[in-house]
> 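Quick one: this structure, given as structure tokens, is what I'll be asking you about.
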Amino acid sequence: KNLTSVILSGLTSVEDNAFYDCANLTRITIPKSVKKIGLNAFGNCGKLTSITYEGKKSEWLNISSKVGSKSDSGKTTIICTDGEIKFKFN
């Protein structure tokens, strides 16, 4: 719960509630190998403003569709290899 940043590697999924209620988490790096992000994986991470995803925007939107959506009002910036996306978690 005191995490401020995380770099993930060698994973294929981020499980349900993996970082739930990590209120101090501000940034995370997710490898391209991740193909699934579980429900509430980043729930109650109110300070999470930056996610670096080591894949393309289309790949991010495909794996994250169950946990949020692309949104101009989103407070989290997803930094992908081909640009950035403003994202809003459900």
Side-chain angles (χ1 to χ4, degrees):
K1 302 215 180 203
N2 291 322
L3 294 172
T4 58
S5 66
V6 175
I7 298 173
L8 302 175
S9 64
L11 299 177
T12 58
S13 66
V14 179
E15 297 300 320
D16 293 354
N17 303 306
F19 297 97
Y20 185 83
D21 212 19
C22 287
N24 294 315
L25 186 64
T26 59
R27 62 182 181 264
I28 189 166
T29 298
I30 299 175
K32 184 180 178 175
S33 60
V34 169
K35 304 299 180 203
K36 175 188 175 271
I37 297 176
L39 296 175
N40 287 319
F42 304 108
N44 279 358
C45 294
K47 295 181 182 177
L48 183 61
T49 58
S50 176
I51 294 176
T52 299
Y53 174 64
E54 297 172 338
K56 295 180 180 180
K57 293 187 289 187
S58 60
E59 294 168 323
W60 169 262
L61 292 171
N62 188 42
I63 66 167
S64 65
S65 63
K66 293 181 180 173
V67 296
S69 60
K70 183 177 175 181
S71 170
D72 289 337
S73 65
K75 67 179 186 91
T76 304
T77 300
I78 313 301
I79 304 162
C80 301
T81 58
D82 62 346
E84 296 182 353
I85 303 169
K86 284 292 194 185
F87 196 78
K88 183 175 183 180
F89 286 96
N90 295 338

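Every heavy atom of this structure was used, including side-chain atoms; hydrogens, water molecules and symmetry mates were not. Since we're looking at a predicted model, the values are computed, not measured. Along the sequence shown, residues are numbered consecutively beginning with 1.
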> Among all residues two or more places apart in sequence or in another chain, which pass the ring-ring contact (aromatic ring centres under 6.0 Å, His included) test with F89?
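Here the qualifying residues are F42, F87.
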> Measure the CD1-OG distance between I85 and S69 for me, rounded to the nearest 0.5 Å.
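Here the rounded value is 11.0 Å.
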> Within a strict 4.5 Å, meaning less than it, do heavy atoms of the L8 and V14 side chains meet?
yes
> Could you name each residue pair satisfying salt bridge (charged side-chain N to carboxylate O under 4.0 Å, His left out) that touches residues 78-90, not counting sequence neighbours?
none
> With sequence neighbours excluded, tell me which residues meet side chain to side chain donor-acceptor pair (under 3.5 Å) with N44.
Y20
> Got a sec, which residues hit side-chain contact (heavy atoms from CB on, under 4.5 Å) with K35, two or more places apart in sequence or on another chain?
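Expected list: none.
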> Please enumerate all residues that pass side chain to side chain donor-acceptor pair (under 3.5 Å) together with K56, with sequence neighbours excluded.
none
> Could you pull out the closest heavy-atom pair between S9 and P31, with the gap in Å?
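Where S9 meets P31 most closely, the heavy atoms are CA-CG, 4.1 Å.
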> Please examine the side chains of K36 and T12, heavy atoms only from C-beta on, and report whether any two atoms are closer than 4.5 Å.
no
> Under the 3.5 angstrom rule, does the side chain of K75 hit a backbone N or O of G46 as a donor-acceptor pair?
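A pair under 3.5 Å: yes.
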> Assess the residue pair W60 and I30 against the criterion (side-chain contact (heavy atoms from CB on, under 4.5 Å)); give the C-alpha distance rounded to whole Å, side-chain angles, the decisive distance to 0.1 Å, and a yes or no.
CA-CA 10 Å; W60 169 262; I30 299 175; 3.9 Å; yes
> Taking side chain to side chain donor-acceptor pair (under 3.5 Å) as the definition, give me every residue that meets it alongside S5, ordered by chain and number, with sequence neighbours left out.
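None.
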> Please report the shortest heavy-atom distance between I63 and V34, naming the atom on each side.
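Of all heavy-atom pairs spanning I63 and V34, the closest is CD1-O, 3.7 Å.
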> Considering residues at least two apart in sequence or located in another chain, which fulfil the salt bridge (Lys or Arg N to Asp or Glu O under 4.0 Å) criterion with K32?
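Salt bridge (Lys or Arg N to Asp or Glu O under 4.0 Å) list for K32, sorted by chain: E59.
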> Is the side chain of T4 donor-acceptor paired with the backbone N or O of L25 at a distance under 3.5 Å, no angle test?
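Not a single qualifying donor-acceptor pair exists.
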> Using the side-chain contact (heavy atoms from CB on, under 4.5 Å) rule, take L48 and F19 through it: C-alpha gap first, then chi angles, then the decisive distance, then the call.
CA-CA 11 Å; L48 183 61; F19 297 97; over 6 Å; no
> Could you pull out all residues at least two apart from E15 that satisfy side chain to side chain donor-acceptor pair (under 3.5 Å)?
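With sequence neighbours excluded, E15 shows a side chain to side chain donor-acceptor pair (under 3.5 Å) to S13, given in chain and number order.
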> Answer with yes or no whether the hydrophobic clustering places V6 together with I79; edges join I, L, V, M, F, W, Y residues whose side-chain heavy atoms lie under 4.5 Å apart.
no
> Go through the structure and list residues passing side-chain contact (heavy atoms from CB on, under 4.5 Å) with T29, not counting sequence neighbours.
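Per chain and number, T29 pairs via side-chain contact (heavy atoms from CB on, under 4.5 Å) with I7, T52, E54.
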> Is there a path of hydrophobic side-chain contacts, each under 4.5 Å between heavy atoms of I/L/V/M/F/W/Y residues, joining I28 to L61?
yes
> List the atom of G55, the atom of C80, and the distance in Å for their closest heavy-atom pair.
O-CB, 3.2 Å
> For a quick test of reading the model, state the closest non-hydrogen atom pair linking S50 to T76 and the distance between them.
N-CG2, 4.2 Å
> Around atom NZ of K70, are there more than 12 heavy atoms from other residues, nucleotides or ligands closer than 6.0 Å?
no
> Look at the side chain of D16 and the backbone N and O of L39, then say whether any donor-acceptor pair between them is shorter than 3.5 Å.
yes
